[in-house]
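A note on names: the letters A, B, ... follow the listed sequences, proteins ahead of strands, and every chain is numbered from 1. This is a predicted model, so every value here is computed, not measured.
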Amino acid sequence: MSVLARYDVELKGIGFDTMLESYVLNSVASRHNMDDLALKYLGLSTIHFEDIAGKGKKQVTFDKIDLDIAGEYAAEDADITLRLHQVLWPKLEAEPSLKKVFEEIELPVLSILSKIERTGVLLNQTLLRDQSKTLGIRLKELEQEAYEHAGEEFNLGSPKQLQRIFFEKLELPIIKKTPKGQPSTAEPVLQELALDYPLPKVILEHRSLSKLKSTYTDQLPEQVHDSTGRVHTSYHQAVAATGRLSSQSPNLQNIPIRTIEGRRVRKAFIAPKNYKLVAADYSQIELRIMAHLSQDSGLLRAFNAGEDIHKATASEVFGVSLDEVRDDQRRSAKAINFGLIYGMSAFGLSRQLNISRGDAQEYIDLYFERYPGVKKYMDKTRTLAAEQGYVETLFGRRLYLPDINASNFQRRQGAERTAINAPMQGSAADIIKQAMIKVDAWLTESQIDARVIMQVHDELVVEAAEDVVDVVIDGLKRLMSAAADLSIPLLVECGVGDNWEEAH
DNA sequence: CATGTCACG
DNA sequence: ACGTACGTGACATGA
C-alpha cells in the first residue's frame, strides 16, 4: 500500500490480510509472517526472502535478483498467500466476534496506519543536535566524577564493569540480583545505594542522560527521511498480544516525558509553519473500562460524578471525606488503582509503596471491601480464563493463556495476571483503534486540513492547520468519546501547541 | 545474540 | 511456601 502510494496509486482498502487474520485468531502466536504461517497451516516450507537476497550487510535489493529466481519467489508469495487465506478465513467466519474484530477494526486500521506512516512527523533537528552537545559535555563531567569516586577509569555503560567496581572494589551491599544471579545495578538499587554512597548518584544521572543522548537526541535526527524531511515510524499491528500497536525505527511510543531533560526531546516534535499539534488523550481509560466491565456501583458512581478517581479511591479505602484526602493517601490509592489493572499482589504493592506486605494486603482487602463488584469481576475473570483458556476484550478480541492451568505456580500466577490485565489493556486498544477509524473518516470526508500523525496507546496526535484547530479539538473529543458506549463517560483531554511538549 | 538496563503507556 | 505488578522497543556491552 505504501509503495504504491509513492507512485500516486492510492489503494482504497484491502480485502484480506493473512497476517491480520492470523493475529486476530491467535495474538499470542509470536509470528504471523507468510513463511511461518505456511509451515503452520499448510505444512509447506517456502522460499524465504533471505534465501534469494542474502541477509545482513550482504543482502541485495529485489531488483538485483535474477528474474527466474525472483519470479519463482514472487509467484509462490501470491500462491501461498491465497491458500493461507482459504484456510484462515473459515476459521474467522466460525467465530463471529473475531470476524468482527478483523473486519471492523483491524482491516480499516491497516489503511490508516499506512497513511500515518507515510505522513511522518516533523522534527526540529537543530534542537536535538544542540541538546546532544549539551548532554555530551555533562556526561564527560559525570565520567570524571565517577572515576574519582571509583579511584580508577572504567566504562560507565558496562554493567559488568560497574558490578566489579561497586561490589568487589568498593564492597557496597548487594540489594538485588539479576535473573542470571549477578548483583543488580538497576535504577531502584542505585536509588537506595545513593542514600549512603556518592558514586551511585553519579551513575544514575549518567545513565539517564546517556539514554537520552544515545536513543533520542543522537538517533532521531539521523532517522529523518531525505525526501520528506520527516521521521516515518513503522507501526506494527500484529505484535502485541493484547491488541495494542507497537512502533519501531524509530519507536515514537516511548519518547520521554517524565523528566524535565526528557521533555526537551518532545519540544523537537513540531508542527510545520501555519500548523499546530493537537494531542488528545483518553483520561484513565483502563480504570474506566474496569468500572464498565465490573459494573461496580461505587466505581461507576465516582466516574459518573466526574470525581478524581484516585482521590475517590483514597476516600473509600482510608475512610475520609473527599476533601480530607491527603497527598500521600491519594498517592497510595493511585498505586492501588494501577496495581488492580496489572493484577497486583500484596508483594508488588508493598514494593511500589515501600510499605510492609501486611500493610499492602490490608489496603487490598479494604479496597475489595469498598468495591466488591471489582473483587467479583477479578475472581470471575480468573475462573473464566481457567475454564476457557482465554480472556476477551469488550469487543470479543481474544487472548489465549496457555499457562493458565500450568502446574508450575509461577507460570500460572503470571497467566492469571495477564488474564486480569488483558481485557482492560486490550479493550482500550480496541477503543482507540475505533476512534482512529472515525477520526480519519471525518477528517478525510470533511476535507479539513488536518491529519493524524501519531498514536501512543491512549493518545492521538494530530497536525492541524491553525485556522481549524478549534474544529479539530471538538471533533477529536466528540469522536474519541463516542468510540465506545460504556456505562461511564470516556473523557478526552486535548492540548495544543507548536510542539508535542506544549500540546500536553 | 544474550544480557542488563531504561524509555513509554 | 512458592516469588511476584501488565504491555512494548532500543541501546551498549561483551561473548
**Prompt:** Okay, side chain of A:Asn421, backbone of A:Ile341: is any donor-acceptor separation there less than 3.5 Å?
**Reply:** yes

**For A:Glu416, salt bridge (charged side-chain N to carboxylate O under 4.0 Å, His left out) partners two or more places apart** = A:Arg382

**Message:** Please enumerate all residues that pass ring pair (Phe, Tyr, Trp, His ring centres under 6.0 Å) together with A:Phe49, with sequence neighbours excluded.
**Reply:** A:Tyr73

**Qualifying side chain to side chain donor-acceptor pair (under 3.5 Å) pairs, either residue in residues 159-176 of chain A, two or more places apart** = A:Glu152-A:Arg164, A:Glu152-A:Lys169

**Asked** Taking DNA chain C as the partner, which of residues 344-369 of chain A come within under 4.0 angstrom of it by heavy atom?
**Response** A:Met344, A:Ser345, A:Phe347, A:Arg351, A:Gln352, A:Arg357

**Outermost DNA chain C nucleotides near chain A [under 4.0 Å, heavy atoms]** = C:dC2 to C:dA15

**Request:** May I ask you to check whether A:Phe318 and A:Tyr363 place their ring centres under 6.0 Å from each other?
**Result:** yes

**Fill in**
Applying the Watson-Crick and G-U criteria (both distances under 3.5 angstrom) with [ ] for crossing and | for other-strand pairs, one obtains for DNA chain C .....|||||||||.

**Request:** Classify every nucleotide of nucleotides 4-9 of chain B by which part a protein heavy atom approaches to under 4.0 Å, writing B for the base, S for the sugar-phosphate alone and - for neither, in 5'-to-3' order.
**Result:** SSBBBB

**Request:** Could you list the residues that satisfy salt bridge (charged side-chain N to carboxylate O under 4.0 Å, His left out) with A:Arg351, not counting sequence neighbours?
**Result:** none

**By salt bridge (charged side-chain N to carboxylate O under 4.0 Å, His left out) - contacts of A:Arg451 (at least two apart)** = A:Asp449, A:Glu463

**Prompt:** Among all residues two or more places apart in sequence or in another chain, which pass the salt bridge (charged side-chain N to carboxylate O under 4.0 Å, His left out) test with A:Asp281?
**Reply:** none

**Request:** For residues 370-400 of chain A, pull every pair meeting ring-ring contact (aromatic ring centres under 6.0 Å, His included), keeping only residues two or more places apart or in separate chains.
**Result:** A:Tyr367-A:Tyr371, A:Tyr390-A:Tyr400

**Message:** Mind checking if A:Gly157 touches a base, just sugar-phosphate, or nothing, with heavy atoms under 4.0 Å?
**Reply:** sugar-phosphate

**Message:** The criterion is ring pair (Phe, Tyr, Trp, His ring centres under 6.0 Å); which residues satisfy it with A:Phe303, sequence neighbours excluded?
**Reply:** none

